[in-house]
Number of protein chains: 2
Amino acid sequence: MKRQILSFLKPEERLGTPSENTIKDVSVDCVMFGFHADELKVLLLKWNNIDWSLPRGRIYKEELIADAASRVLKETTGIHDVFLQQFHTFGAAQRHKNYTDDQAARLFDNKSKESREYELVHESIVSIGYYALVDFEKVVPNLAASYQWCEIPAIPDLLFDHNDMIELALVALRKDLRYLPIANLLPPKFTLREMQKLYETILNRTFDRRNFHKLLMSYDFLIKLPEKRVGTANKSPHLYQIDFEKYELALQDGISY
Amino acid sequence: MKRQILSFLKPEERLGTPSENTIKDVSVDCVMFGFHADELKVLLLKWNNIDWSLPRGRIYKEELIADAASRVLKETTGIHDVFLQQFHTFGAAQRHKNYTDDQAARLFDNKSKESREYELVHESIVSIGYYALVDFEKVVPNLAASYQWCEIPAIPDLLFDHNDMIELALVALRKDLRYLPIANLLPPKFTLREMQKLYETILNRTFDRRNFHKLLMSYDFLIKLPEKRVGTANKSPHLYQIDFEKYELALQDGISY
DNA sequence: AGGTCTTAGCGTAAATATTACGCACTAATG
DNA sequence: CATTAGTGCGTAATATTTACGCTAAGACCT
């Protein structure tokens, strides 16, 4: 089956034409987290020329949902091989969102926003939410449409129930943190400070620098490299790498912070 | 909209006729946990005369998914007002289950079990999994079809991917235990021993009797009743009740065991 | 060259939480 | 009246978490 790269479709059609081959009334929506400059960010796509939304797409009938999620991400952003985690499934009624008149006009093509029928056709009724953890640097979306890495507090009013989805994704991420490969949010080589900031940002708390250092070292999955990060103020920090075999082992026990 | 109590339909039709009013290709499936005689049990329903499955049903288009889950439980078992928690959504491809020839014949009405088309029509493609925690004693299913409370290790080979669903529901339950109203699994009045056994069963570990007692008392949400459980061997244990206001507060902090 | 900031690593004390278990007393059964 | 289990207290041993002092080194700035 030929599968078109949807980024070359008009953005409005990005959800895909409901066809014989896709599951009707269901979409997969992805909250993609990246970490950069001590900030947790989410990837937003332009849905039409004005409104923003999360990457979303349909599921082919013979496809695993998880495969659909990773395909959708690839088709809409060009990004592949990312860590994906299902976190919640959203229903129709949660989606009775109060669009502004402008948004409604653009979405519903001048039909009244009370036109529930139109909404049902143009939005999927059930959305399966996945979040992705990606290395911000590795991820260079190749998009026809425009995109934006947006810090969580600055996220604008999105289409559909995507604001709620991001909030819930973050809650799920915090809960899962103990058992999840959070390292996916970091580049292959990173400093301890960067990792600490990552945990502090996600968990919204601080750690003592020395205790954090000790704790991480005790897990024994970090490899200290001879190289250093250059160009920083003051002393250059060492770079570290993850020994993924040991990392997986530590995750099975659950890493605690 | 009139909604028929599905237990008076033929069991095969229990999923509901796909109609204008329900979401196509999606079902809600419920793993109902009950606790009795120191065993965690799951409610199974007869799907046809021979095969077992979990309660499942469709979602109406204007309905919240959570409402659909609780309606489905009520329609298939007569049970209402239970604690429900969404835990995972399952896709089509996970459902390529190896039915026995007999099961396939019954399910597919003598069509070949390779007849994927038939399968797609008769099974929902996407299933949203909920688990329910109910007081075993309070729950008296009013069913035309037959049912069974089954201990987890003794669960037979179920239809669809319902065996996998139960396994995942249990994993989710264990994870959620710290923040969830586990008290829903107990009758309004219970002994400390019963509560301890409940936690031991779910978490698959043991607790020291005295430490468990101390810990529970420190949370301050148990009310000791003057009554005792009669008819037991040896000393009769006191009955306890939950002060639900304080209980909710304790849950927000997270109860640890 | 010296000042200042930061990394890197060591150690340790204090506070909390967990676990194991002793003991006294009560109450129901045989 | 011996046995068994519930109830409730205390306490000691361990483990984990948190706070923080100290040394040394390295890179930038003036």
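All figures in this text were calculated on a predicted structure; none of them were measured in a lab.
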Less than 6.0 angstrom from the centroid, inside 45 degrees of the normal: does B/R209 satisfy that with respect to the ring of B/F212? no
Would you kindly compare A/V230 and B/R209 by the position of their nearest DNA chain D nucleotide and give the one closer to the 5′ end?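 Counting from the 5' end, the first nearest nucleotide belongs to B/R209.
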Take the protein atom [atom1] of [X] and the nucleotide atom [atom2] of [N], then report the distance between them rounded to whole Å.
| X | N | atom1 | atom2 | answer |
| --- | --- | --- | --- | --- |
| B/N211 | D/dT11 | CG | C1' | 11 Å |
| A/R210 | C/dG9 | CZ | P | 14 Å |
| B/N234 | C/dA27 | CG | P | 14 Å |
| B/D220 | D/dG8 | CG | P | 13 Å |
| A/H238 | C/dT6 | NE2 | C1' | 13 Å |
| B/K235 | C/dG30 | NZ | P | 17 Å |
| A/L225 | C/dA8 | CG | P | 12 Å |
| A/F207 | D/dT17 | CZ | P | 11 Å |

Any side-chain to backbone donor/acceptor pair from A/D208 onto A/N211? Under 3.5 Å, distance only. yes
Below 4.0 angstrom from OP1 or OP2 of C/dG9, is there any side-chain N or O of A/H213? yes
When the ring planes of A/F221 and A/Y247 are compared, do they come out parallel, tilted or perpendicular, using 30° and 60° as the limits? perpendicular
Counting only heavy atoms not in B/E167, do more than 12 sit closer than 6.0 Å to its CD atom? no
Minimal non-hydrogen separation, B/F190 against B/M195, with atom names: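 Minimum heavy-atom contact is CE1-SD, 3.9 Å.
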Can you find an N or O donor on one side and an acceptor on the other, under 3.5 Å apart, linking the side chain of A/K214 with the base of C/dT12?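 When only heavy-atom distances are counted, A/K214 does reach the base of C/dT12 through a donor-acceptor pair under 3.5 Å.
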Side-chain-base donor-acceptor pair under 3.5 Å for B/K224 and D/dG8: no
Could you please name the option among C/dA27, D/dG6, D/dG8 that lies closest to any side-chain atom of B/K228?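 Of the candidates, C/dA27 comes closest.
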Measure from the side chain of A/D208, starting at C-beta and using heavy atoms only, and say which of C/dA8, D/dC20, D/dA27 lies closest.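 Closest nucleotide among those given: D/dC20.
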Quick one: label B/Y240 by what it contacts on the DNA or RNA (base, sugar-phosphate, nothing), any heavy atom closer than 4.0 Å.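 Sugar-phosphate: the residue B/Y240, judged by heavy atoms under 4.0 Å, touches backbone atoms but no base.
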